[in-house]
Amino acid sequence: MELTNIGVIKDLFERHGFSFSKSLGQNFLVNPSVCPKIAEFGGCKAGVCAVEIGTGVGVLTQELAKRCDRVTAIELDERLKPILNETLADFDNVEVIFADVMQANLEDIVRKFDGKETVVCANLPYYITSPVIMKILESRLPIKSLTVMVQREAGDRICASPGTRESGAVSYAVRYYSKPSLLFKVNRGSFMPSPNVDSEVIKLEITNEHQLPKNVEETLFKLIRSGFSQRRKQLVNPLSATLNISKSELSDLLSSLDIKPSARAEELTLENYIALAERLS
Ligand code: SAM
């Protein structure tokens, strides 16, 4: 079933009485070149299992299922159940779990793949892009990569190098766990209905380079969040309030770590934040 064909989608919706939910970020892909590219770049092939978040009518699910050994997809909208029963009927290697991805037990899902290489591929609902990405990264699932479609501005920020003006707290958090890269841009006309923004597909390759004790990790993310909450101010200002330490004490600490006491949040490298978190924990 050609799920990028608008006539086919409209027929499915009519027969099943389905209408789009804007609040669930339901912008479905209708550009036929995009899903095969997500699956290819995402490393989907024989011997690999995939987790998908947000199936819609199953357009990406089909591409993952064609290439991977097994696919487990999580979809919140139960109204899509009869549609997916029809569109995924030819695939016996797909399981759809109807749940909120933020509540789902992702460890359990990946465990059922019996140690096979696992990737996450998705056209994410944009209202929870960062929380979903951070949930997956923070839970340190044994996965190889995440290849996801996100709103263009969000993708640019996630992939921005720390130390650049485009970077934000999320750029640092993502780099702690992974190596991000921008794969390709997708314009708004590739979706039905068209959103008001353009999109892009990014890939986060899990590195496991940094493995700090839990309390140091917590301090690290607290420092990054606090710094970027007032990114135009010198870092000592938000940090002294968050940590309840005097500005002069904090300035001395920064100097001892070779960090300018006048630095703003975006002027620090991830390693600077890690060193600071280690010292403070
Ligand atoms: N993969 C399909 C495609 O590319 O056409 C659909 C992508 S659409 C942007 C996002 C999908 O995520 C929708 O089907 C929506 O119902 C689902 N969704 C929204 N919030 C969700 C949540 N919290 N947990 C799981 N799925 C969710």
Side-chain angles (χ1 to χ4, degrees), residues 1-6 8-10 12-13 16 18-42 44 50-68 71-88 91 94-106 108-109 119-136 139 146-155 183-202:
M1 194 180 284
E2 188 46 79
L3 292 179
T4 50
N5 181 317
I6 292 175
V8 169
I9 301 176
K10 282 189 172 156
L12 268 174
F13 286 3
H16 293 282
F18 182 86
S19 55
F20 292 105
S21 157
K22 206 173 167 189
S23 64
L24 289 182
Q26 289 181 340
N27 300 98
F28 295 165
L29 269 165
V30 289
N31 177 336
S33 72
V34 177
C35 291
K37 271 165 85 176
I38 296 178
E40 293 293 328
F41 277 116
C44 294
V51 177
E52 187 194 3
I53 295 139
T55 59
V57 295
V59 65
L60 175 60
T61 325
Q62 286 190 346
E63 295 301 327
L64 304 179
K66 277 185 217 165
R67 293 167 176 78
C68 289
V71 179
T72 300
I74 305 161
E75 169 57 58
L76 181 58
D77 190 350
E78 294 214 21
R79 296 176 308 146
L80 288 164
K81 204 180 260 183
I83 294 182
L84 290 165
N85 281 342
E86 190 175 328
T87 59
L88 300 177
F91 298 94
V94 179
E95 181 188 2
V96 182
I97 297 173
F98 288 91
D100 179 349
V101 62
M102 297 308 293
Q103 310 296 331
N105 187 333
L106 302 176
D108 258 10
I109 290 173
V119 298
V120 174
C121 292
N123 171 15
L124 287 177
Y126 293 170
Y127 74 101
I128 43 167
T129 299
S130 293
V132 173
I133 291 177
M134 289 316 297
K135 172 177 171 159
I136 294 170
S139 52
L146 278 92
T147 305
V148 288
M149 171 102 68
V150 297
Q151 188 179 326
R152 198 164 290 179
E153 287 71 22
L183 295 182
F184 58 93
K185 297 184 188 291
V186 180
N187 62 35
R188 61 193 76 184
S190 297
F191 301 86
M192 187 172 98
S194 287
N196 296 326
V197 291
D198 291 314
S199 300
E200 62 194 23
V201 176
I202 61 169

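Numbers here are sequence positions counted from 1. Atoms within each ligand, like the ligands themselves, are counted from 1 in listed order.
- Here the CD atom belonging to Glu153 is positioned 8.0 Å from the CG atom belonging to Asp198, to the nearest 0.5 angstrom.
- For NZ of Lys10, the number of neighbouring non-hydrogen atoms (other residues, nucleotides, ligands) closer than 6.0 Å is 12 at most.
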As a test of reading the model: which N/O atoms of the protein lie under 3.5 Å from N/O atoms of ligand 1, and at what distance?
| residue | atom | partner | partner atom | Å |
| --- | --- | --- | --- | --- |
| ligand 1 | 1 (N) | Glu52 | OE2 | 3.4 |
| ligand 1 | 1 (N) | Gly54 | O | 2.8 |
| ligand 1 | 1 (N) | Thr55 | O | 3.4 |
| ligand 1 | 4 (O) | Asn123 | ND2 | 2.8 |
| ligand 1 | 5 (O) | Leu29 | N | 2.8 |
| ligand 1 | 14 (O) | Gly56 | N | 3.1 |
| ligand 1 | 14 (O) | Glu75 | OE1 | 2.7 |
| ligand 1 | 16 (O) | Gln26 | NE2 | 2.9 |
| ligand 1 | 16 (O) | Glu75 | OE2 | 2.6 |
| ligand 1 | 20 (N) | Tyr127 | OH | 2.8 |
| ligand 1 | 23 (N) | Asp100 | OD1 | 2.9 |
| ligand 1 | 24 (N) | Val101 | N | 3.0 |
| ligand 1 | 26 (N) | Leu76 | N | 3.3 |

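- Between Gln62 and Leu88 the shortest heavy-atom distance is CG-CD2, 3.9 Å.
- Ring planes of Phe20 and Phe13: perpendicular class, angle over 60° (limits at 30 and 60°).
- Residue-environment remark: CG (Asp100) exceeds the threshold of 12 foreign heavy atoms within 6.0 Å.
- Between Lys37 and Glu40 there is no salt bridge, since no side-chain nitrogen of the basic residue lies less than 4.0 Å from a carboxylate oxygen of the acidic one.
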